[in-house]
Amino acid sequence: MYEEHSCMNYIGAYREIVRKRNEDTLIRVFKETGHWEKLKALDLEINDEAILPYVFSNVDYGEDFTGYFSSAMIGITLERDCILEMCGHYCYEYFYLPVIVKPRYISKLVKKYFSEEVSIGHELMHVSDILRWVGEDPPAYIEDVLNFGVESVSEDTLEKSVDFEIRKIFKLEPQAIGHDFDNGEDMIIEPFLFEIFLKYQCPTKKEFIKMKIANYVNELKRMYEKRFRGKENEIERFFEESVGKYGKNVFGPAPYQLFLKTREERKAKMLSLSAISIID
């Protein structure tokens, strides 16, 4: 255990690691720890000229990738020994490194309706917010990631996992989604059949945020239900409790009931005839 006076805190370690000079070292660390392969990384670069320095990687999810985004933020958890070469003494057992990734193949739909610049701005807001969150109590946050993140969840940790992931949605997404709307992206889009997709243009930022977050929550719920067959009633209860705890600022009073209402309204609006389009 390092003495307190020689320890580097989380934010200090992040700023020390995310420097251009550390690109080659970080690539080697990712490859040695298996994160390079896990990310399906094609490259990695560090942008330390921006106000908020960040790690960026182009990734290859294959030509059949159908995700409707042009970038995403992924958190990488590294053991302390992996990062000491880049930042000197670090206080905690694990280090959490947010990485912005961009798929090599991006659908025609995304290219047509969404801006890569706005998408990167969205993810940078996530990086900024997550740094503040982790920085409040690094061991607590990283322990939650390791024990309760979607990749680690078990039947025994299901309730805590739902609480952690729902808290993350409501803590990180509203301001980033609002950023998208402020920069001209007000469209809700989802696939329908083959080259046909559904789209709905939100007239207000409030509706845009509610509809996007309702979809995030619903997709997360479906993921848990698919992974834990037979636990649907428990999952429903866990989601009701967690959305009720964290969702008031987005959905208002009685957040879970209003989430369910927003989800149904979203379906109706997306299925209207005016929402059906063809990718050209």
Side-chain angles (χ1 to χ4, degrees), residues 10 13-48 50 52-88 90 92-107 110-111 114 116 119-120 122-124 126-127 129-131 133-134 138-139 141-154 157 161 164-165 168-169 172 216 219-220 222-224 226-228:
Y10 174 73
Y14 177 86
R15 291 196 171 275
E16 194 67 20
I17 290 168
V18 186
R19 295 191 178 189
K20 195 72 176 175
R21 69 188 184 201
N22 289 326
E23 274 185 1
D24 291 342
T25 303
L26 198 56
I27 289 170
R28 174 174 55 78
V29 167
F30 273 33
K31 289 182 176 179
E32 289 175 351
T33 57
H35 289 295
W36 189 266
E37 184 178 2
K38 188 176 180 180
L39 279 177
K40 301 184 185 297
L42 298 170
D43 54 35
L44 182 147
E45 63 178 300
I46 293 175
N47 183 336
D48 62 359
L52 176 64
Y54 63 94
V55 180
F56 179 86
S57 177
N58 287 290
V59 295
D60 189 357
Y61 295 151
E63 292 188 49
D64 59 347
F65 172 66
T66 57
Y68 285 82
F69 63 89
S70 57
S71 65
M73 190 203 78
I74 296 177
I76 304 296
T77 305
L78 299 167
E79 293 184 358
R80 179 173 56 198
D81 289 347
C82 295
I83 55 99
L84 292 181
E85 178 182 347
M86 293 176 279
C87 71
Y90 172 64
Y92 309 108
E93 186 176 357
Y94 291 97
F95 181 81
Y96 183 87
L97 179 66
V99 177
I100 296 177
V101 301
K102 175 186 172 185
R104 180 179 181 182
Y105 300 100
I106 298 175
S107 73
V110 170
K111 290 180 178 179
F114 301 110
E116 180 179 331
S119 180
I120 295 294
H122 177 115
E123 302 309 327
L124 282 172
H126 285 340
V127 173
D129 289 340
I130 207 77
L131 290 176
W133 188 2
V134 181
Y141 182 86
I142 295 170
E143 183 177 341
D144 284 348
V145 170
L146 293 172
N147 294 327
F148 309 130
V150 291
E151 295 183 354
S152 307
V153 61
S154 66
T157 62
S161 178
F164 174 65
E165 294 295 343
K168 190 161 58 173
I169 287 175
L172 299 181
Y216 289 167
E219 289 300 311
L220 182 67
R222 288 172 60 185
M223 186 211 70
Y224 280 109
K226 184 177 180 180
R227 186 176 299 186
F228 298 99

So do [Y] and [X] actually touch side chain to side chain, heavy atoms under 4.5 Å?
| X | Y | value |
| --- | --- | --- |
| Met223 | Val150 | yes |
| Lys168 | Trp133 | yes |
| Glu151 | Lys38 | yes |

Pair [X] and [Y], ring centroids less than 6.0 Å apart:
| X | Y | value |
| --- | --- | --- |
| Tyr96 | Tyr94 | no |
| Tyr61 | Tyr105 | no |
| Phe95 | Tyr10 | yes |

Please check if the side chain of [X] supplies one atom and the backbone of [Y] the other of a donor-acceptor pair under 3.5 Å.
| X | Y | answer |
| --- | --- | --- |
| Ser152 | Leu146 | yes |
| Arg227 | Ser154 | no |
| Glu123 | Met73 | yes |
| Asp48 | Pro53 | no |
| Asn47 | Val18 | no |
| Ser57 | Leu44 | no |

* **Exercise: identify the closest heavy-atom pair between Glu23 and Glu45** =>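 In terms of heavy atoms, the two residues are closest at OE2-CA, 3.2 Å.
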* **Shortest non-hydrogen contact from Tyr90 toward Arg80** =>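 Residues Tyr90 and Arg80, closest heavy atoms: O-CD, 3.2 Å.
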Would you give the length of the straight line joining atom [atom1] of [X] to atom [atom2] of [Y], rounded to the nearest 0.5 angstrom?
| X | Y | atom1 | atom2 | value |
| --- | --- | --- | --- | --- |
| Asn58 | Lys40 | CG | NZ | 15.0 Å |
| Asn22 | Ile17 | CG | CD1 | 7.5 Å |
| Lys102 | Leu42 | NZ | CG | 11.0 Å |
| Ile27 | Trp36 | CD1 | CH2 | 4.5 Å |
| Ser71 | Ile120 | OG | CD1 | 4.0 Å |
| Phe30 | Leu97 | CZ | CG | 5.0 Å |

* Please lay out, stage by stage, how Val153 and Tyr224 fare under the test side-chain contact (heavy atoms from CB on, under 4.5 Å). => CA-CA 9 Å; Val153 61; Tyr224 280 109; 4.1 Å; yes
* Going through the checks in order, is the side-chain contact (heavy atoms from CB on, under 4.5 Å) test met by Leu124 and Tyr54? -> CA-CA 8 Å; Leu124 282 172; Tyr54 63 94; 3.4 Å; yes
* **Stepwise side-chain contact (heavy atoms from CB on, under 4.5 Å) check, Leu39 with Ile76** => CA-CA 9 Å; Leu39 279 177; Ile76 304 296; 4.2 Å; yes
* Take Val99 and Val101 through the side-chain contact (heavy atoms from CB on, under 4.5 Å) test and state the conclusion after the steps. => CA-CA 6 Å; Val99 177; Val101 301; 4.1 Å; yes
* Asked: Got a salt bridge between Lys31 and Glu37, using NZ or NE/NH1/NH2 to carboxylate O under 4.0 Å?
  ->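 No.
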* Hey, are Arg21 and Glu16 close enough for a salt bridge, meaning a charged N less than 4.0 Å from a carboxylate O? -> yes
* With sequence neighbours left out, write down each residue that passes side-chain contact (heavy atoms from CB on, under 4.5 Å) with Thr33, or none if nothing qualifies. => Val29, His35, Leu78, Cys82
Please check if atom [atom1] in [X] has more than 12 non-hydrogen atoms from other residues, nucleotides or ligands closer than 6.0 Å.
| X | atom1 | result |
| --- | --- | --- |
| Lys20 | NZ | yes |
| Glu32 | CD | yes |
| Arg222 | CZ | no |

* To do: Mind running ring pair (Phe, Tyr, Trp, His ring centres under 6.0 Å) on Phe164 and Tyr141 for me, showing each step along the way?
  => CA-CA 10 Å; Phe164 174 65; Tyr141 182 86; 5.7 Å; yes
* To do: Could you check Asp24, Leu26, Thr25 and say which one makes a side chain to side chain contact (heavy atoms under 4.5 Å, CB included) with Arg28?
  => Thr25
